[in-house]
Amino acid sequence: MAGKNAIELQGVSKRYGAHANVLDDVSLSVTNSEFLAIVGPSGSGKTTLLRLINRLAEPTGGTIRVGDTNVAETDPILLRRRIGYVFQGVGLFPHMTVAENIAITPRLIGWDDEKRAARTGELLALVRLDPEKYRERFPAELSGGERQRVGVARALAAEPKIVLMDEPFGALDALTRDALQKDYRGLHERLSLTTVMITHDLTEAALLADRIAVIHRGKIVEQGTPRELMTAPKDAYVRELVKTPKEQAERLAALMRGKP
Amino acid sequence: MNDPRFSEALARLPDYLGSHVLVSVTALVLGLAVSLPLAVVATRHRHLRNLILGFASIVQTIPGLALLALFYPLLLALSALTEKIFGAGFSALGFLPSVLALALYSMLPILRNTVTGILGINPAIKEATLGVGMTERQALTMVELPLALPVIMAGIRTAAVWVIGTATLATPVGQTSLGNYIFTGLQTQNWVFVVFGCVVSIAQLGDHEGAERVQGVGSVQGDGGLMPVDLVSDGVVGLSGHRWSLRRVAHLSPAVELRCASFPERG
């Protein structure tokens, strides 16, 4: 089993000070090449869960494994360098060009200039930005969608097998968002990545992910394929969550059939 | 202009100006060498931050002349002590007390601006430094210091203005400076000397004043509330090397939120 799961959480809990548990006895596994979406409202602990995986935060209890290693026993710096991370606020370095931003992790692990330049060009093409046009630009000269494409390219730069994404497409307009979602899903398959994406948007999760885990008040309340969750939700909160997108889809379908 | 007092004043200029610049630059370099690492430590530990900034603020409230004078008895005592232990003392007058007092005097603006500059960096960017796998040191040198640089440079410039101005007061503790014109002139009622000293001192500050006119007083939202910080003029940023082209700096605005006020700051 050890080789099959890319990420495995067992009985993980997280508490800040004397407050109630942010995460309470969470067990979750992500198999190789799987696209898992973690859906939950704000304050549900979903970002904390993601940060635990690359040790941006430390669990209060439980164990987390990435590949064959227990993350508590790995150097957090080296761990982060082999996991791609796409941030909610993008987090590009404003004083570095697009090329410098993308090549940051390769630079940290000591790739030479030539290899970095080649990789940057390759990645820009991969996220559908013209390398010649964008290489020397600064983040402030990009649109929101372009910035997030660069953010994805930066996460992929050091050829990670695992990518963590924290509400990556949240702040984008609908069209840009859709284009980026489709492009990322394509990359996920082409590079056979293992992706864990955090989102509060069930529709986004259902359209992108292979499997969805719903988190509510620090607990995983239900997990399953998008189809299972959309058609036969068991948990009360999940039923509530599923209702709105389903109704909207039905209303839209009715609209297109021409009925009021 | 044919006044002999004027030509005498002119003849002393290389000595006075040279000494003045030497003591100012030495004090500023020493102040920087101490303040920058202290400021970095202060950004990492909240309690030390209050302690360090508090100490620098107290030093700043001591009048320049008093601070300079204070170092004379201090060093005298220290010299007596080393004489007893090592058999050799040092001069408690002149260069040493001046450099130490002026260095201390330069610390507050450098400390304050470095701390504010680093703490003012967008938390998302700080998080990203860790997320891409930087060590603390790499985050500091590759991201935090470069992003805080404009604010740090403004602090260094304020410190320079304060030090160069206060260095005229180093004359009474035995350090030759442009203050020699003023103090000698006052004692001998040589008004040409007094005026000459004032004019040269002001002219020397001129370089900095010119730069200062471009800046206003801003404030940066740091975690300790609003702190006053000089806005940055492009001239000084340009000094810091080719990697800091204006184009690069032009993109720094999201890192620190600067708010303009309409009056210029005087050191």
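Letters go in sequence order (proteins before strands), and every chain restarts at 1.
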Flag this pair as yes if the NZ/CZ of A:R154 is under 6.0 angstrom from the six-membered ring centre of A:Y85 and inside a 45 degree cone about the axis; otherwise no.
no
The interface call for B:Q138 against chain A, heavy-atom contacts under 4.5 Å, is side chain
Where does A:R82 contact chain B at under 4.5 Å (heavy atoms): side chain, backbone, both or neither?
neither
Heavy-atom distances under 4.5 Å only: say whether A:L79 touches chain B with side chain, backbone, both or neither.
neither
From A:F138 atom CZ to A:N101 atom CG, the distance as rounded to the nearest 0.5 Å
9.5 Å
Is A:K115 salt-bridged to A:D112, cutoff N-O under 4.0 Å?
no
Heavy-atom proximity to chain B below 4.5 Å, by part of A:I77
both
Consider side chain to side chain contact (heavy atoms under 4.5 Å, CB included). Of A:R149, A:Q148, A:R137, which one does A:L142 pass it with?
A:R137
Tell me, side chain or backbone of A:R55 under 4.5 Å from chain B's heavy atoms, or both, or neither?
neither
Do the ring planes of B:Y105 and B:W162 sit parallel (below 30°), tilted (30 to 60°) or perpendicular (above 60°)?
tilted
